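Structure, as C-alpha cells:
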Amino acid sequence: MIAASAPVKEQKNYLNAENGLKSWLLTQDHKRIAILYLLSVTVFFIVGGLFAALIRLELTTPAGDMLDSNTYNKVFTAHGVVMIFFFLIPSIPAILGNFLLPLMIGAKDLAFPRINLLSWYVYMLGGTLGVIVLATGGVDTGWTFYTPLSTTYSNGYVVLTAMAAFVAGFSSILTGLNFIVTVHRMRAPGLTWFRLPLFVWAHYATSVIMILGTPVIAVTLFMLMLERGLHIGFFDPAYGGDPVLFQHLFWFYSHPAVYIMILPSMGVISEVMSTFCTKKPFGYTFIAFSSVAIAVFGFLVWGHHLFVSSQSAYAGMVFSILTYIVAIPSAIKVFNWAATMYKGQVRLTAPMLYAIGFIGLFTVGGLTGLFLAAMGLDVHVTDTYFVVAHFHYVMVGGAIMGYMAGIHYWWPKITGRMYNQLWAKVSCCLVFIGFNLTFFPQFVLGYMGMPRRYHVYPAEFQVLNVLSSGGAAILGLGYLIPAVYFLWSLKYGAPAGDNPWGATTLEWQTSSPPPTTNFEVTPVVTTEVYDYTNAEVPHIV
Amino acid sequence: MQAKSFQLFPEAASSIAGQVDALYAFMVLISAFFSLIIAFLIIFFAIKYRHRPGIKPTFKPADDHSIGGMVLEIVWTAIPLAISMVMFVWGVSIYFTESRPPADSMEIYVTGKQWMWKVQHMEGAREINELHIPINRNIKLTMTSEDVLHDFFIPAFRTKADVLPGKYTTEWFRPTQTGAFHIFCAEYCGTKHSGMIGTVYVMNEADYTVWLAAGSGEGSMAEQGQSLFNQLGCGNCHYSNVNNGIGRGPNLNGLYGSKVDLKDGTSVKADESYIRESVLNPQAKIVAGFDDYMPTFKGQISDEGMLKLIAYVKSLGLTYGAPNTATPGTVSTSATAPTAGRPAAKAATSVSATPVAGNK
C-alpha cells in the first residue's frame, strides 16, 4: 500500500503480506487486529466528540434554546456511553497493547490469536447495538444508568443500550485474558519479569482489572435488563428492591474501569519518558509495582461515589481512607517520571510533549480527586461540574493525552513512516491550551454549585460556560490536525527506519512496519531493560 | 444572592460553609504547591538536560537502586501519605458534623418528585419549590422521593443529600445569612432535571413567624396525621391512649425514637423508616408479643400522607404519659372497635375495608 515511493522490492511486512478485505477481516495477526481496532475506535471517538460539541454549543447560553431537554439528556448520555465503553476502555489496550505487547516481549503473536479476533467482532457487535440505539432515538439515563430512573421511568432504549455495554464488556474480558496468558507464557528467552518494559506491567495490571471487574458490570447490567423487561425486583423499591444497591454494583466495576483507562496511558508515558530522556525510568520497580497497587486498591474504593447516597458514615470513612491510599501510587509515578528527566538527555519531540502534557494534566486530575475523597468537601462538590472537570482531567487530560503520546511514539513503527514533527507539536499545544480552557472553568463552576447534567442553568454561570465552550473549539481543532498529518504521512512521510527514536525496547529491534511474524529470529535478551549504554541517540527536536 | 450576573465563588450562608471553604482552601494550596513543583522540575530539567548531539548519557541505570534513590522514593511516598491523612481526618470531621442533625433541630419534611420539591412544615404550611426558614436555627430536613432518585442541594449552605424512594434521608443546616439562595436537584432525575430547582428564603425570626402563621390553615402536620390515622382505622388495633392498655397492635405512645424488641429476638430503633416500613410492609418486622395480622397499607397512603402519619406518631412520643393534644381517645369511639381479646382474622378484615394488594 505504500510501495509506490520505493522502487526497490519492498520488504514483506504485516501490511503488505496479504491484500484484500478478507485478509483483514479474517486476520489473526495481532498487528492487523490492532489496526481494525484503531479504525473502529477512531470512528467512535469522532461520534463521541460530535456529541460533546453539541453539549458545549447548547451550554453557551443559560436557556435551553438549541436542543430540547429530552434531546440534551440523550446527547450527554450518548457522549458518555460512546466515549467510555467504545473509546476510552478499548483505546490503548486494544490498539497499542494489541500491537505492542507481543513485540515488546519478543513473541510472534498473542497467546490466542483467534480469541483476539473474536474480541474485535464482539466489540463491533456491541458497537452496532449502540449505533442502533443512537439511530432509533437514543436513551436518556446518563451513562451511569441509575435506578429506578433507568428501570422504570426512562422511556428510551435502556435494555438495548445496556446490552451494547454488556456485549462490549466481553471484548474487554477476552483482551485481558489474552494479555495475561501472553505475558506469563510467551516472553522471549532471558526476558525476566523485571526486564519487562513498564508498558507491559501497566497492561498486565489493566488486564487483571478487566477480567475481575468486567463480569460484575455484566451481571449488574443483566439485572437491570431483567428488572426493566420482566419487572424482577432488584433495585426499584416498587418491586421490593433497593436503588442504592445498583450504585454499589455499578461503581464496583466503574471505578476500577477508570484505572482501565488510565493505567495503559501511564504505561505509555513510562516508555516515552525513558526514550526521550535516554535513561532508564527512575524507580523502575516502584513504577511497576505502583501499577499493580492501583489495580488492587482500585477495587476497594467504589463507595466514595456514595457519600451522599445514604451510605453509612463509617463505611464512608473506610472508602475515603482507601481512596487516599490508592492516590499514593499515582503520586509515586508522577515523581518518578519527573526524576527520570534528571541528568537525562531530554529530547522534546512530539510524543515527549504529549507525555509532558499528560503529566501536567494528570497531576491536576489526580490532586482534585483528593478533594472528592474528603467526605465533608465531597458533600458540596459531588454531582457538580467539579466532578465533571476532575474526571475529564483524568480521562481526557490523562488517558487521551497518553493515547496521543503513544500514537505519536509508535506511529513510525506501525506504519513505517514519519509524520511532521512541527505540526504535531503545534497540535499538542492546541490540545493542552484548549483542554485547560475547557475544563478549568468547570472546577470553579462546580464549587459555585452548578450541578452536572443541567440543560438549563442560572445566568450567573454563563461567563464560565462560554469560556469552556470556546476552549472546546480549540481542543477540537487540536484533535483534528493530527488526523491530517497522520494521513499525509502514510503517503508522503519519510521512511522511519527500524528505530527512529533511539529506543531500547524490543519492538524497535525489528523492522518498521514489522513482518507478520514480528521477528526474523526470536530475540534473546541478555541485558537489563532500558539499557542506553551503547544506544545511538538521534538528535530529533 | 441569585441576582448577580457573574461570580467566581459561592456565598457562604450556613454554619458549615466556613468549615467546608477552609478545607477547600487548604486543598487548593496543597494542590497548587505540588503542581508548581512538578511543573517547575519538568521545565527546568527539560532545559538543563536538553539533548546535545554527541554527548553520551552520564546517568547509569544502576544509579536508581542506590541508597539515594531509595531515600527519595520513601520521602515522596511518606510526605503525600501524611498530607493526605490530614485531608482524610479533616474531611471526616466535617462530614460527621454535616450528617448528624443537632437534637434541637426544627423539622421540615421534603418530598421530591419528577420534577418538583414539595415541602411540609410541622405547623401545617406547605410550599412547592420554595423553602422558608428562620435564620440561626438548626433545620433538619427529612426527605423522600415519590419516584426516582433526587438530591436536595443548596450550594450556599455547602450541603446536599440524595432523596430516595422508599426510605428517608436527612440533611441539616443552620442558615447564618438572610436572603434567597438556590435549591438544585443534584441527582440526575430525567427530562426536566435542570428544572427541578427552587429557592430557599432565609428570614429573620419575626418575618418567619408571620409567614408561618399565614400558611397553617389546614392544621399542624400532626393534626392532619391524626385525621388520616382515624380515616384509615389505625386506632382499631393501635390503642395509642395509655389508659386503654394493650391493643392488638403495639401501643404507639412514646414509640418514636425508642428501641423496639422484635419477635425474632432482634431489636430496632423506631425511626421514620421503621414506621414507614411497618405501615407499608408490616410483615417485615413483627414486634415481640404480637402476631402477624396487620395488612399492608401500600397504595393507600401517599408519601406526603405518610409523613403526616409519622408526624402524628412522633407527637405521641413527645407527650408520653401526659394528656396530649392529639387526644388519642377518639380512636376508641370507632364503630368497628372490637371487644377485648385478639380475634386476629376478624380484625384484619375489618381494618382493610378497601381492597389491599397483598404483600410481596
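By convention in this document, chain letters (A, B, ...) are assigned in the order of the sequence lines, proteins followed by strands, and residues within each chain are numbered from 1. All figures in this text were calculated on a predicted structure; none of them were measured in a lab.
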Here the gap from A:Met341 atom CE to A:Lys279 atom NZ, rounded to the nearest 0.5 Å, amounts to 10.0 Å
Worksheet item: Between A:Phe282 and A:Lys280, is there a cation-pi geometry (under 6.0 Å to ring centre, at most 45° from the normal)?
Response: no
Checked A:Gly233, A:Ser69, A:Ser150, A:Gly142 vs chain B; the most non-hydrogen pairs under 4.5 Å come from A:Ser69
Which of B:Asp271, B:Asn281, B:Asp303 passes side chain to side chain donor-acceptor pair (under 3.5 Å) with B:Arg276? Answer is B:Asp303
Run the ring-centre check on A:Phe440 versus A:Phe443 and record whether the distance is less than 6.0 Å. yes
Answer key: most heavy-atom pairs under 4.5 Å with chain A among B:Leu41, B:Leu81, B:Thr97, B:Ile37 is B:Leu81
When the 4.5 angstrom heavy-atom criterion is applied to B:Ile38 and chain A, the contacting part is side chain
Q: Report yes or no: do A:Thr144 and A:Arg453 form a side-chain donor-acceptor pair below 3.5 Å?
A: yes
Has the side chain of B:Ser194 got a donor or acceptor atom that lies under 3.5 Å from a matching backbone atom of A:Tyr454?
-> no
Go through the steps for A:Tyr447 and B:Asp21 under the test side chain to side chain donor-acceptor pair (under 3.5 Å), then give the verdict. CA-CA 10 Å; A:Tyr447 200 77; B:Asp21 290 346; 2.5 Å; yes
Rounded to the nearest 0.5 Å, the CG atom of A:Asn70 sits from the NE2 atom of A:His455 at a distance of 10.0 Å
Answer key: most heavy-atom pairs under 4.5 Å with chain B among A:Asn336, A:Thr152, A:Thr151, A:Thr71 is A:Asn336
Take a 6.0 Å sphere around NZ of B:Lys192 and say whether it holds more than 12 heavy atoms from other residues, nucleotides or ligands.
no
Under 4.5 Å to a heavy atom of chain B? For A:Val381 that would be backbone
When the 4.5 angstrom heavy-atom criterion is applied to A:Ile328 and chain B, the contacting part is side chain
Honestly, the part of A:Tyr153 sitting under 4.5 Å from a heavy atom of chain B is side chain
Turns out that what part of A:Thr147 lies under 4.5 Å from chain B's heavy atoms comes down to backbone
Applying a strict 4.5 Å limit to non-hydrogen atoms, the region of B:Gln114 in contact with chain A is side chain
Practice item. Measure from the ring center of A:Phe371 to the ring center of B:Phe26 and say whether it is less than 6.0 Å. Key: no
(Q) Using modelled atom types and a 3.5 Å cut-off, is there a donor and acceptor pairing between side-chain atoms of B:Thr176 and backbone atoms of B:Ala13? (A) yes
If one checks every heavy atom of A:Asp236 against chain B at 4.5 Å, the contacting part turns out to be neither
Point to revise | Enclosure of B:Phe9 CZ (heavy-atom neighbours >12, cutoff 6.0 Å) | key: yes
Bottom line for A:Thr141: the part with an atom under 4.5 Å from chain B's heavy atoms is backbone
Looking only at A:Leu306, A:Thr363, A:Leu370, most heavy-atom pairs under 4.5 Å shared with chain B are made by A:Leu370
- Message: Quick one: does any side-chain atom of B:Thr170 pair with a main-chain N or O of B:Thr142 as donor and acceptor, under 3.5 Å?
- Response: no
The interface call for A:Ala313 against chain B, heavy-atom contacts under 4.5 Å, is both
So, the part of A:Ile359 with a heavy atom under 4.5 Å from chain B: the answer is side chain
Which of B:Val110, B:Thr199, B:Val200 passes side-chain contact (heavy atoms from CB on, under 4.5 Å) with B:Leu131? Answer is B:Val200
If one checks every heavy atom of B:Cys185 against chain A at 4.5 Å, the contacting part turns out to be both
Problem set entry | Test item: A:Thr382 side-chain N/O and A:Asp378 main-chain N/O as donor-acceptor pair under 3.5 Å | no
Rounded to the nearest 0.5 Å, the CZ atom of A:Arg452 sits from the CZ atom of A:Phe76 at a distance of 8.5 Å
For this session: Determine, using ring centers only, whether A:Phe358 and A:Trp337 are less than 6.0 Å apart.
Result: yes
Under 4.5 Å to a heavy atom of chain A? For B:Ala39 that would be neither
Under 4.5 Å to a heavy atom of chain B? For A:Ile332 that would be both
Bottom line for A:Phe286: the part with an atom under 4.5 Å from chain B's heavy atoms is side chain
Looking only at B:Leu23, B:Asp147, B:Val28, B:Ile154, the option with the highest number of non-hydrogen pairs under 4.5 Å against chain A is B:Asp147
TODO: Taking the six-membered ring for Trp and the single ring otherwise, decide whether the centroids of A:Tyr146 and B:Tyr188 are under 6.0 Å apart.
DONE: no
Point to revise | Close aromatic pair by centroid cut-off 6.0 Å: A:Tyr314 and B:Phe96 | key: yes
One option among A:Met317, A:Met352, A:Lys74 has the most heavy-atom pairs under 4.5 Å with chain B, and it is A:Met317
Contact list (residues 160-169 of chain B to chain A, heavy-atom gap under 4.5 Å, by number) returns B:Lys160, B:Ala161, B:Asp162, B:Leu164, B:Pro165, B:Gly166, B:Lys167, B:Thr169
Checked A:Phe307, A:Tyr457, A:Tyr72 vs chain B; the most non-hydrogen pairs under 4.5 Å come from A:Phe307
So, the part of B:Met196 with a heavy atom under 4.5 Å from chain A: the answer is backbone
Given 3.5 Å as the limit, does a donor-acceptor pair link the side chain of A:Arg347 with the main chain of A:Pro538, or not? yes
Bottom line for A:Pro329: the part with an atom under 4.5 Å from chain B's heavy atoms is neither
From the list B:Phe184, B:Tyr24, B:Phe153, ring-ring contact (aromatic ring centres under 6.0 Å, His included) with A:His380 holds only for B:Phe153
So, the part of A:Phe386 with a heavy atom under 4.5 Å from chain B: the answer is side chain
Honestly, the part of B:Ile30 sitting under 4.5 Å from a heavy atom of chain A is neither
For residues 86-93 of chain B against chain A, heavy atoms under 4.5 Å, the residues are B:Met87, B:Phe88, B:Gly91, B:Val92
Bottom line for A:Phe362: the part with an atom under 4.5 Å from chain B's heavy atoms is neither
Assert top hit (heavy-atom pairs under 4.5 Å, partner chain A, pool B:His193, B:Glu73, B:Glu98, B:Arg100) equals B:Glu73
Would a distance-only check, ignoring hydrogens and angles, find a side-chain to backbone donor-acceptor pair under 3.5 Å from A:Asp242 to A:Phe235?
no
Checked A:Gly360, A:Pro458, A:Gly316, A:Ser154 vs chain B; the most non-hydrogen pairs under 4.5 Å come from A:Pro458
Under 4.5 Å to a heavy atom of chain B? For A:Gln311 that would be backbone
Inset, instruction - Examine A:His304 together with A:Phe319 and report whether their ring centres are nearer than 6.0 Å. - result: no
Under the side chain to side chain donor-acceptor pair (under 3.5 Å) rule, what do A:Ser274 and A:Tyr532 come out as? Steps first, then yes or no, please.
CA-CA 10 Å; A:Ser274 171; A:Tyr532 289 90; 2.8 Å; yes
